[in-house]
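Reading through the structure tokens given below for one structure.
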Amino acid sequence: MARPFHLSWFLQGSSIQSWNQPWTGNIVDDWMYPRFFIELLQQLERAKFDYILLEDASYIGQAYNNSREFYLKHGYSCPRQEPSIVATLMAAATSKIGIVPTLATFTHHPYLVARVIGTLDQVSGGRIGWNVVTGSSDFAQMNFGREGHPPHDVRYEMAEEFIDCVTQLWDSWQPGAIVNDTETPMLIDHTKVRQIDFEGKYYKSRGPLNSGPCPQGRPVIAQAGGSAAGKAFAAKHADTIVASVRGVPAMKAYREDVTARLKANGRDPDSCKLFFLVCPIIGGTEEEALREKARQTEESNDMITARLAGLSKITNIDFSKQPLDKLVDQTLTTNGHVQMLEEFLAFSKGKTLRAAILDYNAGGEALDLVGTPEQVATLMADAMATSGGDGFLFTPPNTNRRTVAEITDGLVPVLQKRGLVRRAYNHDHLRDTLLEF
């Protein structure tokens, strides 16, 4: 029997990201309360997903044509609410599935991250992770009173120090610190709560954390950096890694690279779960799925501006200034999302910008999954068996009630019937759920 794999969901954008898509209802009328997100998570829990990852960015896009017009007009990741607050509502509405909000190392002090994530772990009963990002947009930095981002590799140097401080704060409460002895009386043994006196090049914190111990000891750490610095950081700290690569050979190569890096850090490769991004298109028949793919492609062909604006936002490069019908400039550089730019430049060699942006999928899906639930399940199983990965992270471009149901009620039951994914939760904590297989 094939080894089972894990499932998770990448939630992009705001609660009204799909405001003009079918099968979403009148979500704009109630956008301030993330009801749609909560319903989504409840469906994922019913399908026994490991976790949902809440993406975030703390700015409104402006990279394309140096204007916010496109991003605001089309509701492109805006309005976007604070993910840790949304995570709290999600935790209250579920009982088993993991919830992994994004908190950037430049938007919070380590003490605040340790306290927020630690508190979320407590109120969720040990189901929380932290998606660590270093940021990529100068606009975001400006919102916090800075001129712009530090250089890419310096950001990861700062992140190393940041996470060291956070984990020391989580560890400031030793096991058994809460005694709860009414006879003595003693609630907390002061000898098991320590002051950390952390002082680094970039961050300082006295400690100890005042919110108390986390159910998991340390909440789960997630990381998605694809650059050399990002991979090195993930191999040292992450419990789950998200990979944006294309094709089974690239999946296998990424798995081998991660395994080697984990071993070099003295870690068991099975202690860190590798998820590959996928975006299946599912139909009742293969023909139906192919028609839907054709429809999405045709729709995308009419959205050159949308794709260029999206790539501009990710890379911090204004692609409105690049000629559409000339070869893509291979000398472009960025202090933003390095991996995405490198991937796009490699893909676009010998192509005009128009041709490249129409063919390029910035979502970075590992596989072309189009077909019936049975066909897609077979493709996923074969790819996982060949690549040696641990699971898939779903990232549909149009997250609506229909696309969610196609996965949770169409695809997942087929995977469960074949013994490829779990049928039940056997653990209360996210870390244990990830380490189950």
Side-chain angles (χ1 to χ4, degrees), residues 51-58 81-92 98-135 140 144 155-178 187-225 230 233-234 236-241 271-272 428-432 434:
Y51 65 80
I52 188 168
L53 192 154
L54 310 182
E55 183 230 13
D56 189 39
S58 53
Q81 297 168 317
E82 164 56 44
S84 61
I85 295 174
V86 175
T88 305
L89 296 171
M90 288 179 160
I99 305 165
V100 185
T102 297
L103 279 79
T105 55
F106 69 92
T107 59
H108 301 72
H109 186 274
Y111 188 90
L112 183 57
V113 167
R115 193 167 188 241
V116 168
I117 295 295
T119 300
L120 279 169
D121 202 45
Q122 293 167 346
V123 301
S124 69
R127 296 185 288 127
I128 293 297
W130 168 33
N131 181 37
V132 185
V133 298
T134 62
F144 293 90
R155 298 203 295 270
Y156 275 101
E157 178 186 336
M158 297 172 70
E160 286 280 357
E161 191 175 292
F162 192 107
I163 199 169
D164 186 15
C165 183
V166 168
T167 53
Q168 285 194 40
L169 285 163
W170 285 334
D171 294 345
S172 65
W173 288 69
Q174 297 176 22
I178 297 182
L187 176 61
I188 301 166
D189 182 350
H190 75 96
T191 66
K192 293 186 177 182
V193 182
R194 67 181 183 87
Q195 187 170 317
I196 69 168
D197 290 320
F198 183 92
E199 184 168 355
K201 182 178 178 182
Y202 302 103
Y203 305 103
K204 293 174 62 175
S205 182
R206 174 179 177 272
L209 198 63
N210 74 332
S211 52
C214 304
Q216 297 183 95
R218 293 180 179 181
V220 165
I221 300 296
Q223 224 281 321
F233 181 87
K236 186 175 179 180
H237 302 289
D239 302 300
T240 177
I241 295 173
S271 69
C272 180
D428 294 325
H429 293 171
L430 174 56
R431 183 182 303 281
D432 295 332
L434 286 168

Without swapping roles, check the side chain of [X] against the backbone of [Y] for a donor-acceptor pair under 3.5 Å.
{"X": "H429", "Y": "P219", "result": "no"}
{"X": "Q81", "Y": "V86", "result": "no"}
{"X": "Q216", "Y": "D121", "result": "no"}
{"X": "Q223", "Y": "H237", "result": "no"}
{"X": "R127", "Y": "A91", "result": "yes"}
{"X": "Q122", "Y": "P215", "result": "no"}

With heavy-atom distances below 4.5 Å as the criterion, would you say the side chains of [X] and [Y] are in contact?
{"X": "V193", "Y": "Q174", "value": "no"}
{"X": "D56", "Y": "P101", "value": "no"}
{"X": "M158", "Y": "F106", "value": "no"}
{"X": "V220", "Y": "Y51", "value": "no"}
{"X": "S205", "Y": "H109", "value": "yes"}
{"X": "S58", "Y": "F144", "value": "yes"}

Rounded to the nearest 0.5 Å, what separation is found between the [atom1] atom of [X] and the [atom2] atom of [Y]?
{"X": "I163", "Y": "Y203", "atom1": "CD1", "atom2": "OH", "answer": "11.5 Å"}
{"X": "Q168", "Y": "R218", "atom1": "CD", "atom2": "CZ", "answer": "8.5 Å"}
{"X": "K204", "Y": "I196", "atom1": "NZ", "atom2": "CD1", "answer": "12.0 Å"}
{"X": "I99", "Y": "S84", "atom1": "CD1", "atom2": "OG", "answer": "12.0 Å"}
{"X": "I52", "Y": "M90", "atom1": "CD1", "atom2": "CE", "answer": "4.5 Å"}
{"X": "Y111", "Y": "L169", "atom1": "OH", "atom2": "CG", "answer": "7.0 Å"}

How close do [X] and [Y] get, heavy atom to heavy atom, and via which atoms?
{"X": "C214", "Y": "G118", "value": "SG-CA, 3.6 Å"}
{"X": "T119", "Y": "R115", "value": "OG1-O, 2.7 Å"}
{"X": "G217", "Y": "W170", "value": "O-CB, 4.0 Å"}
{"X": "G212", "Y": "W173", "value": "CA-CE2, 3.5 Å"}
{"X": "R431", "Y": "D239", "value": "NH1-OD1, 3.1 Å"}
{"X": "V100", "Y": "A222", "value": "CG1-CB, 3.9 Å"}

ask   = Can you say whether the rings of F162 and W130 are parallel (under 30°), tilted (30 to 60°) or perpendicular (over 60°)?
value =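 Rings of F162 and W130: tilted, 30 to 60°.
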task = Report the C-alpha distance between L120 and T88 in whole Å, list the side-chain angles of each, state the deciding distance to 0.1 Å, and finish with yes or no for side chain to side chain contact (heavy atoms under 4.5 Å, CB included).
result = CA-CA 7 Å; L120 279 169; T88 305; 3.2 Å; yes
request  = Test L54 against N131 for side chain to side chain contact (heavy atoms under 4.5 Å, CB included), laying out the working first.
outcome  = CA-CA 8 Å; L54 310 182; N131 181 37; over 6 Å; no
